[in-house]
Number of protein chains: 2
Amino acid sequence: MKHSAQRDAVREYLKSTKTHPSAEMVYEEVRKQFPKISLATVYRNLSLLVELGEAKKVATVEGNDRFDADTSEHYHFICEECNAVLDLEVPFAAQLDVEAGRNFAGTITGHEVIFHGICPECKKHYVTGGPVKISAK
Amino acid sequence: MKHSAQRDAVREYLKSTKTHPSAEMVYEEVRKQFPKISLATVYRNLSLLVELGEAKKVATVEGNDRFDADTSEHYHFICEECNAVLDLEVPFAAQLDVEAGRNFAGTITGHEVIFHGICPECKKHYVTGGPVKISAK
DNA sequence: CTGGGTGCAAATCCTTTGCACATTG
DNA sequence: CAATGTGCAAAGGATTTGCACCCAG
């Protein structure tokens, strides 16, 4: 595989941040060094990093894909208010895969845990009331 | 809120299946009874069911939104080959939220677990080799 | 020099929305 | 009848792709 400055920039930015950025966020950041880089290139390189095992896509319920260069097994928290993705310090439960496999005819190769709630930042702003819920009419 | 035959059909189909269908899948199915229903109506009603708490969106890494009318706390398995979403019989670990909250300044309201691997169906077809991995060039 | 990588624009895919008409309460 | 729901088509956002040009090996 060839080398390219853009690829390095995407990789390095992803490895340097803990924000679990979306492609757009990576684009905005890398653009500071490479004003002419295209969003397509960012997407291509992010996918490539995932294929190469240098990054992972984070599972999300809402919104767009988020990427994480920390490929170690760890869990995420996603804020219901602002969609921030944070790392959580909870011991990784490798035995869960075994337990889940007991009554399952398929093969389990891993798992992911996503906690949700309100992140520290949003919590500050909503101290007065409880979490904001949109109610149906 | 008003009643509508289409809404009932979407709700009933979702409650009747364990396939955790996408909007498109619901559309294809409900269309058998209501050939003129539009995909937009399916989307609208699925979102409504989620708002009403009668269904949940399933967190996924790849592909589009999947819906589940089983709102009880339970975990999912997603097949890396065919993207099938299956329920897994693993005890729900409510204490995880507490554990995760210990070193966290935000508020945790719940969590989701997604196991991944090869589903029973795909396993049959790929008996010969190991899991199919796309390698980078 | 030659194949892979990039930028750009167009194309796709999934989901949402505007609007006129149909339906429900 | 008034408000809500629907179908259709168009709009939107996110991601991918085709293609001509550029650059690293």
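Values below: every heavy atom of this structure, side chains too, minus hydrogens, waters and symmetry copies. Since the structure is predicted, the reported quantities are computational estimates derived from the model, not experimental observations. Here is how names work: the chains are called A, B, and so on, in the same order as the sequence lines, proteins then strands, and each is numbered from 1.
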*Could you pick out which residue, B:S22 or B:A5, lies toward the 5' side of DNA chain C when each is mapped onto its nearest nucleotide?*
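This one resolves to B:S22.
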*Closest-nucleotide 5' rank along DNA chain C - winner of A:A40 and B:G63*: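 Its nucleotide being nearer the 5' end, the pick is A:A40.
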Report yes if at least one side-chain N or O of [X] is closer than 4.0 Å to OP1 or OP2 of [N]; otherwise report no.
X	N	answer
A:K36	C:dC8	yes
A:Y43	D:dT15	yes
A:N64	C:dC14	no
A:S38	C:dG7	yes
A:Q6	C:dG7	yes

*Report the residue from B:H76, B:K56, B:K57 that forms a side chain to side chain donor-acceptor pair (under 3.5 Å) with B:D68.*
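Only one option passes, and that is B:H76.
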In this structure, how many angstroms lie between the [atom2] atom of [N] and the [atom1] atom of [X], rounded?
X	N	atom1	atom2	result
B:N83	C:dC14	CG	C1'	14 Å
A:R31	C:dC8	CZ	P	10 Å
A:L39	C:dC8	CG	C1'	12 Å
B:H3	D:dG5	NE2	C1'	12 Å
B:L52	D:dG5	CG	P	10 Å
A:E24	D:dT15	CD	P	9 Å
A:Y27	D:dA14	OH	P	13 Å
A:R7	D:dC23	CZ	P	16 Å

*Should we count CD of A:E89 as having more than 12 external heavy atoms under 6.0 Å?*
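It does not: A:E89 CD has 12 such atoms or fewer within range.
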What's the closest nucleotide to the [X] side chain, out of [options]?
X	options	value
A:S4	C:dT6, D:dT16, C:dG25	C:dT6
A:T41	C:dT24, D:dC8, C:dG7	C:dG7
A:D65	C:dT15, D:dT6, D:dT15	D:dT15

_Quick check against the 3.5 Å criterion: does A:R7 have a side-chain atom that pairs as donor or acceptor with the backbone of A:N45?_
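Flag not set: sc A:R7 to bb A:N45 has no pair under 3.5 Å.
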*Taking the side chain from A:E99 and the backbone from B:V90, do they hold a donor-acceptor pair closer than 3.5 Å?*
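Such a contact is absent between A:E99 side chain and B:V90 backbone.
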_Quick check on the 6.0 Å ring-centre criterion: do B:F77 and B:H20 meet it?_
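Distance test on ring centres: not under 6.0 Å, no.
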*Is there a donor and acceptor pair, one atom on the side chain of A:R44 and one on the base of C:dG4, closer than 3.5 Å?*
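In this structure, the two groups form no donor-acceptor pair.
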